[in-house]
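Counting starts at 1 for both ligands and their atoms, following the listed order.
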Amino acid sequence: MPALLDTISPAVPKIDPRFCCFCLKVDRSKIEGWGVYADEVIPARRKVIEYTGERISRRERKRREDGKYMFSLDSYWTVDGSVRGSGAEFINHSCEANLESRIVKGHILYVSLRRIRNGEELTVDYNFDSTDETVPCHCGSTMCRGTINHE
Ligand SMILES: [Zn+2]
């Protein structure tokens, strides 16, 4: 990449090692914007990273309606990953994800669904439903639904 472009590109976001169980790194993604990549092999069914951020109420979420990194904990609480996020907020959606999210005692944990190769991009199914805003999907999977939303 030319030096000029390099100097104007934004800083690479950081992963907070306190919330990961494996070596991960952030890099450009073919899916969208930044992506998170395994920097070592990750076995199946292991906790990979916790999705952290500011915990906000339903009313506050409405106020931040343009927020990009919102994870609904339940019908009342949302975690806003743009505030004190661990880096998990940069994990892209895929219709054929290699991680799944589990909510354990109010914590959002991303767990590997299968063995993940060193250098593979981490993905999770955002599981938007038909009541959420329709978002086209570019995950590139042969199983792609065409939208991030489920029917
Ligand atoms: Zn897709």
Side-chain angles (χ1 to χ4, degrees), residues 1 5 9-17 19-56 58 60-62 64-104 106-151:
M1 184 185 279
L5 276 175
S9 62
V12 180
K14 294 259 189 314
I15 299 274
D16 188 335
F19 298 104
C20 350
C21 303
F22 293 92
C23 294
L24 308 176
K25 62 179 181 196
V26 178
D27 206 343
R28 290 280 174 203
S29 170
K30 283 202 266 301
I31 301 174
E32 202 206 342
W34 297 109
V36 178
Y37 293 80
D39 209 14
E40 63 179 320
V41 171
I42 301 174
R45 296 180 301 279
R46 301 287 290 275
K47 177 187 159 190
V48 176
I49 188 170
E50 177 175 345
Y51 189 111
T52 64
E54 184 183 8
R55 190 173 294 209
I56 59 174
R58 190 160 39 194
E60 181 59 18
R61 186 196 173 132
K62 264 215 163 86
R64 300 184 192 181
E65 60 178 342
D66 294 332
K68 216 178 149 201
Y69 300 116
M70 299 292 183
F71 193 114
S72 304
L73 216 41
D74 53 38
S75 60
Y76 188 79
W77 293 107
T78 295
V79 173
D80 182 352
S82 68
V83 184
R84 296 188 300 275
S86 62
E89 67 275 18
F90 298 110
I91 295 175
N92 278 312
H93 162 91
S94 171
C95 299
E96 198 178 4
N98 51 26
L99 303 178
E100 68 174 356
S101 59
R102 289 191 199 157
I103 294 170
V104 180
H107 293 269
I108 304 161
L109 308 181
Y110 280 5
V111 177
S112 54
L113 285 165
R114 58 166 172 79
R115 183 179 186 273
I116 299 170
R117 296 184 310 276
N118 186 356
E120 201 177 330
E121 179 168 2
L122 302 183
T123 53
V124 70
D125 191 328
Y126 287 1
N127 280 321
F128 289 0
D129 64 27
S130 52
T131 65
D132 294 309
E133 186 196 344
T134 303
V135 182
C137 182
H138 308 288
C139 73
S141 155
T142 52
M143 321 251 289
C144 185
R145 302 190 289 266
T147 63
I148 288 179
N149 314 66
H150 288 271
E151 291 287 296

key: Plane angle bin for Tyr51 and Phe71 - parallel if under 30°, tilted between 30 and 60°, otherwise perpendicular   = tilted

inquiry  = My understanding is that only residues two or more places apart in sequence, or in another chain, count here; which of them pass side chain to side chain contact (heavy atoms under 4.5 Å, CB included) with Tyr76?
reply    = Ser57, Arg58, Asp74

request  = Could you name each residue pair satisfying ring pair (Phe, Tyr, Trp, His ring centres under 6.0 Å) that touches residues 128-151, not counting sequence neighbours?
outcome  = Tyr126-Phe128

ask   = Under 3.5 Å, side chain of Asp80 to main-chain N/O of Met70, donor-acceptor pair present?
value = no

Backbone of Arg84 reached by a side-chain donor or acceptor of Thr52 within 3.5 Å = yes

message = Listing request: all salt bridge (charged side-chain N to carboxylate O under 4.0 Å, His left out) pairs with a residue in residues 106-124, at least two apart in sequence or in separate chains.
response = Arg114-Glu120, Arg117-Glu120

task = Could you pull out the N/O/S protein atoms under 2.8 Å of the Zn ion (ligand 1), ignoring any water?
result = Cys95 SG, Cys137 SG, Cys139 SG, Cys144 SG

